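Structure first, then comments.
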Amino acid sequence: MNKELQLKLVKSLLLIVALMLAHIPWLDDVAESYTEQGIKRTLITYAVSRSMNGIISVAQGTEVAVSPAGVGLTFAPGEILDPVNDLVERFSWIVLASGTSLGIQRIFLEITSASAINWLLSAMVLFGLLLLWFYRPLDTEKKSWSIYFNKFLLVIILLRFTVPLIAIINEALYTGFLEPRYQQAQHQLEQASGQIKDISQLHQQDQVIEKQQSLIEKAEVWLSKTQRSFDVSRQIDSLKNSAEEISQQIINMIVVFIVQTIIFPLFFLWLILKLGRYLIQQITV
């Protein structure tokens, strides 16, 4: 078997595989499923970030008495939580942008997997196979029109399969490298926001009870607050630790979303474009 025949067989096999993949829904279904999972993750994270933003905003309006009996200096959690709240708001916008990016990818998936695209690709592949095996350009032709057709066919194939391939590879890399970081950050964020919520609710409940209870019950609340006021440094440290934990985990989450929805897709798109340009330059017959 000579080299030219081997090359024709390889090209034919690749064209037939492309034809089969265009009509077998497995590739598109997997890519769409992975994209939907990414969108769900962004929606869940966005809901968590907005909930956390509300919890921090409420805690910022709570004052904690530092001296016994609630008389004297007070400590406002807003002094600690204000920078964190700004970071959470910016993080929610990043998550929203990531969800938008995945939504755009889903639209491109729907376009490239449309029946019209598949049948156009099928017709071009069949015609390309006929050209490959039966067309012989004249020696007098400086440049055969078949070269332009083959280049256009390659462009159509790349457009048809680039988006689903990027979605599948992207999800595989996320599962292998980013998912543990994401899950840990999500868990830590929920715990830290829960601690802030508990501290805020504790002092809000005292204020409500003072308005509703009798003098004896108010005295009991007063004693409880006085006891806690001696331990206010622990509460301050707890808020600081929670704020630091939230800031650290938000940074981790930002890294996950930017890498998965921006850096990875752009990198793979660049690789495919480079590969496509190289292959187009190699088409001479």
Side-chain angles (χ1 to χ4, degrees), residues 18-19 21-53 87-122 124 151-183 185-186 189 249-280:
L19 180 62
L21 289 177
H23 290 277
I24 296 176
W26 174 82
L27 183 67
D28 297 321
D29 290 344
V30 172
E32 186 174 351
S33 174
Y34 286 160
T35 304
E36 288 293 337
Q37 291 176 20
I39 293 175
K40 289 180 180 179
R41 281 196 299 269
T42 59
L43 292 176
I44 293 173
T45 306
Y46 183 77
V48 170
S49 66
R50 299 311 301 171
S51 174
M52 187 164 48
N53 180 254
L87 182 60
V88 171
E89 289 180 358
R90 286 166 175 76
F91 170 62
S92 64
W93 283 106
I94 292 175
V95 175
L96 187 61
S98 299
T100 303
S101 173
L102 291 172
I104 294 173
Q105 291 182 37
R106 182 174 62 181
I107 292 176
F108 284 153
L109 274 172
E110 294 174 357
I111 293 174
T112 56
S113 61
S115 298
I117 300 295
N118 290 333
W119 286 113
L120 172 63
L121 177 62
S122 301
M124 294 186 65
K151 290 182 178 182
F152 183 66
L153 174 59
L154 179 59
V155 170
I156 294 297
I157 291 175
L158 289 175
L159 290 176
R160 172 62 180 86
F161 298 109
T162 292
V163 179
L165 284 176
I166 287 178
I168 292 173
I169 297 173
N170 194 20
E171 183 67 18
L173 290 175
Y174 165 80
T175 303
F177 299 99
L178 299 178
E179 188 174 22
R181 181 189 294 265
Y182 169 82
Q183 291 180 345
Q186 183 93 337
L189 282 177
Q249 299 307 327
I250 283 179
I251 296 299
N252 291 335
M253 292 284 255
I254 289 175
V255 170
V256 169
F257 279 101
I258 289 180
V259 169
Q260 186 190 13
T261 61
I262 298 177
I263 294 180
F264 276 174
L266 290 179
F267 175 70
F268 295 134
L269 181 61
W270 176 80
L271 283 181
I272 291 174
L273 289 176
K274 294 288 287 186
L275 175 62
R277 180 178 298 179
Y278 171 78
L279 293 176
I280 287 175

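This structure is a prediction, so every number in the text was calculated from the model and none was measured.
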Under the 3.5 angstrom rule, does the side chain of Asn118 hit a backbone N or O of Ala22 as a donor-acceptor pair?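 Yes.
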
Is a side-chain donor or acceptor of Asn170 paired with a backbone partner of Gln260 at a separation under 3.5 angstrom? yes

A side-chain contact here means heavy atoms from C-beta on lying under 4.5 Å apart; do [X] and [Y] qualify?
| X | Y | answer |
| --- | --- | --- |
| Gln186 | Ile44 | yes |
| Arg50 | Asn53 | yes |
| Ser113 | Arg160 | yes |
| Thr35 | Leu109 | yes |
| Ile250 | Met52 | yes |
| Ile166 | Leu269 | yes |
| Trp119 | His23 | yes |
| Val95 | Ile254 | no |

Side chains of Ser92 and Ser49: any donor to acceptor distance under 3.5 Å? no

How about Tyr182 and Thr45: does a side-chain donor come under 3.5 Å of a side-chain acceptor? yes

If the condition is side chain to side chain contact (heavy atoms under 4.5 Å, CB included), which residues does Val155 pass it with, not counting sequence neighbours?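 Partners of Val155 by the side chain to side chain contact (heavy atoms under 4.5 Å, CB included) criterion, ordered by chain and then number, come out as Leu159, Ile280.
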
Compare every heavy atom of [Y] with every heavy atom of [X], then report the nearest pair and how far apart it is.
| X | Y | answer |
| --- | --- | --- |
| Thr261 | Ser101 | O-OG, 3.1 Å |
| Leu154 | Gly276 | CD2-O, 4.1 Å |
| Pro265 | Gln105 | CG-NE2, 3.9 Å |
| Pro164 | Thr112 | CD-OG1, 4.4 Å |
| Phe257 | Ser98 | CB-OG, 3.5 Å |

Taken in chain and number order and not counting sequence neighbours, the residues that satisfy ring pair (Phe, Tyr, Trp, His ring centres under 6.0 Å) with Phe264 are Phe268

Mind checking what makes ring pair (Phe, Tyr, Trp, His ring centres under 6.0 Å) contact with Trp93, not counting sequence neighbours? none

Nearest-0.5 Å distance that lies between atom [atom1] in [X] and atom [atom2] in [Y]:
| X | Y | atom1 | atom2 | result |
| --- | --- | --- | --- | --- |
| Leu271 | Leu165 | CG | CG | 12.0 Å |
| Arg41 | Gln37 | CZ | CD | 6.5 Å |
| Glu171 | Glu36 | CD | CD | 11.5 Å |
| Leu189 | Asn252 | CG | CG | 9.0 Å |

Taking side chain to side chain contact (heavy atoms under 4.5 Å, CB included) as the criterion, tell me which of Asp28, Asp29, Val30 meets it with Trp26.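 Answer after filtering Asp28, Asp29, Val30: Val30.
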
Output, in order, the C-alpha distance, side-chain angles, deciding distance and verdict of side-chain contact (heavy atoms from CB on, under 4.5 Å) for Leu121 and Ile157. CA-CA 7 Å; Leu121 177 62; Ile157 291 175; 3.6 Å; yes

Residue pair Val256, Tyr174: steps toward the side-chain contact (heavy atoms from CB on, under 4.5 Å) verdict: CA-CA 8 Å; Val256 169; Tyr174 165 80; 4.2 Å; yes

Please test Thr162 against Leu273 for side-chain contact (heavy atoms from CB on, under 4.5 Å), starting from the C-alpha separation and ending with a verdict. CA-CA 9 Å; Thr162 292; Leu273 289 176; over 6 Å; no

So, Glu32 and Arg106, do they make that salt bridge, N to O below 4.0 Å? no

side-chain contact (heavy atoms from CB on, under 4.5 Å) between Leu96 and Thr42, intermediate numbers included: CA-CA 7 Å; Leu96 187 61; Thr42 59; over 6 Å; no

